[in-house]
Amino acid sequence: MDKKGRVFSGARPTGRQHLGNYLGAVKNYVKLQEDYECVYCIVDLHALTSLTDTANLRQNTYEMALDWLAAGMDPEKSIIFIQSHVPQVTELHLLLSMVTPMGRLTRLPTFKEKVRQQPDNVNYGLLGYPVLMAADIVLYKADTVPVGEDQAPHLEFTREIVRRFNNLYGEVLIEPKIVLTETPRIMGLDGVNKMGKSLDNHIELAAEPAEIRRRIMTMVTDPQRKFKTDPGRPEICNVQTLHKIFCPDPTVPAQIAEQCRNATIGCVQHKKMFAEDLIQALAPHRERRAELAAHPERIWEILDAGAERARKLASETLRECKEAVGLP
Ligand code: TRP
């Protein structure tokens with residue numbers, strides 16, 4: 001089997017996945033498995049940089065793994081594992097930190113943003129977050145890293161660190177290509193913020209039908225459309241945007257858009273249609289997830305087996321790096 005290269009991607013263990021996670025990342029992870037050797041990591045150590053309460057870490061890891069597997073991320077095709085199960089990453093993180101200029105880290109927009117978000121918890125690990133991420137990627141010699149736009153500065157940083165390391169110690173590491181994941185920014189139920197758990201403006205992939213209906217009814221549509229008799233603007237309506245993605249008949253959204261413009265369909269009616277289509281679209285996922293959840297121990301076994309494979313690649317790269325640096 002000839003693959004185009006090796007992909008690495010990681011995501012923090014955020015628990016049950018929602019439409020935003022799926023459309024922004026997971027869907028693409030599944031697709032990449034066909035053409036690339038893929039390494040997918042649940043980055044629990046990265047999660048520690050912004051958590052003081054770690055009580056839910058195990059549960060969140062498990063719930064996210066369930067959704068990943070149910071969505072079609074396949075342990076037969078890809079290496080799927082938990083970051084902290086491969087301790088080599090922490091050692092490589094230390095080696096890379098020695099070729100990382102401090103100023104480069106403090107100037108990163110992502111770091112500044114975190115400082116604003118958690119002024120009471122500006123820890124050393126937070127500053128080193130991108131170094132750990134670089135270690136993730138280079139440890140598995142990935143040449144392709146699919147990320148959202150928000151992570152692009154981290155990838156640029158990774159590429160710089162690789163060049164610096166290789167200049168100093170020889171061509172050991174691979175400089176990864178950035179592949180920006182092309183997805184429309186998935187807005188939450190409020191229609192103005194990115195879909196996310198923290199704002200509770202999301203719909204979970206495994207949500208029950210009643211929950212899907214309830215959440216969709218709260219969606220904000222065109223704020224200028226006060227009454228059913230007002231003409232609406234489907235191009236700015238989030239129900240329209242999401243319905244287009246999940247509607248089984250591609251001609252329907254265009255019809256609804258027309259009816260919205262000439263005020264022959266109301267927002268409530270459209271929401272009801274969208275809810276039923278979304279329930280149908282997510283049903284297979286919900287069923288597969290329930291089957292997997294019947295045997296939790298198997299999920300942990302899959303993750304253990306993934307870590308075992310990951311450790312083989314990792315220890316090889318780490319050995320090369322230590323030798324290149326000249327550690328006795
Ligand atoms: N920093 C990424 C995020 O917050 C997660 C991550 C960690 C990652 N290591 C990675 C992504 C390596 C891509 C490659 O989403």
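Just so it is clear, the structure is predicted and the values come from calculations on it, not from any experiment. In each ligand, atom 1 is the first atom listed, and ligand 1 is the first ligand listed.
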Tyr129, any N or O under 3.5 Å of ligand 1 N or O = yes
remark   = Logged contact type for Leu132 with ligand 1, heavy-atom cut-off 4.0 Å, is neither
inquiry  = Testing the 3.5 Å rule here: is there a donor-acceptor pair between the side chains of Asp230 and Gln224?
reply    = no
message = Nearest 0.5 angstrom please: Arg213 CZ to Lys271 NZ, how far?
response = 15.0 Å
query = Yes or no on salt bridge (Lys or Arg N to Asp or Glu O under 4.0 Å) for Glu258 and Arg261, after CA distance, side-chain angles and deciding distance?
reply = CA-CA 5 Å; Glu258 200 37 50; Arg261 272 191 207 98; 3.4 Å; yes
ask   = Among protein heavy atoms, which lies nearest atom 13 (C) of ligand 1, and at what distance?
value = Gly10 N, 3.6 Å
query = Heavy-atom contacts under 4.0 Å between Leu155 and ligand 1: side chain, backbone, both, or neither?
reply = neither
query = Quick one: which ligand 1 atoms are inside 4.0 Å of a heavy atom on Val43?
reply = 7 (C), 9 (N)
ask   = Does a salt bridge link Glu316 with Lys141, judged by any charged N lying under 4.0 Å from a carboxylate O?
value = no
ask   = Has ligand 1 got any nitrogen or oxygen that is less than 3.5 angstrom from a nitrogen or oxygen of Asp136?
value = yes
query = Which ligand 1 atoms does Arg12 reach within 4.0 Å, using its non-hydrogen atoms?
reply = 3 (C), 4 (O)
remark   = Numbered in order shown, the ligand 1 atoms found under 4.0 Å of a heavy atom of Ile137 are 12 (C), 14 (C)
inquiry  = Just by distance, no angles: are the side chains of Tyr29 and Ser9 close enough, under 3.5 Å, to form a donor-acceptor pair?
reply    = yes
request  = Taking only heavy atoms of Phe8 into account, list the atoms of ligand 1 that are under 4.0 Å away from them.
outcome  = 12 (C), 14 (C)
message = Tell me the protein heavy atom at minimum distance from atom 10 (C) of ligand 1, and give that distance in Å.
response = Met133 CG, 3.4 Å
ask   = Which heavy atom of the protein is the closest neighbour of atom 2 (C) of ligand 1, given with residue, atom name and distance?
value = Gln151 OE1, 3.4 Å
key: With Tyr140, the side-chain contact (heavy atoms from CB on, under 4.5 Å) member among Ile174, Thr317, Leu313   = Leu313
key: salt bridge (Lys or Arg N to Asp or Glu O under 4.0 Å) between Glu301 and Arg298, intermediate numbers included   = CA-CA 5 Å; Glu301 280 164 23; Arg298 285 196 204 147; 5.7 Å; no
Val145: numbered ligand 1 atoms lying under 4.0 Å from its heavy atoms = 13 (C), 14 (C)
inquiry  = As a test of understanding, state which of Arg286, Arg288, Arg289, Lys27 forms a salt bridge (Lys or Arg N to Asp or Glu O under 4.0 Å) with Asp67.
reply    = Arg289
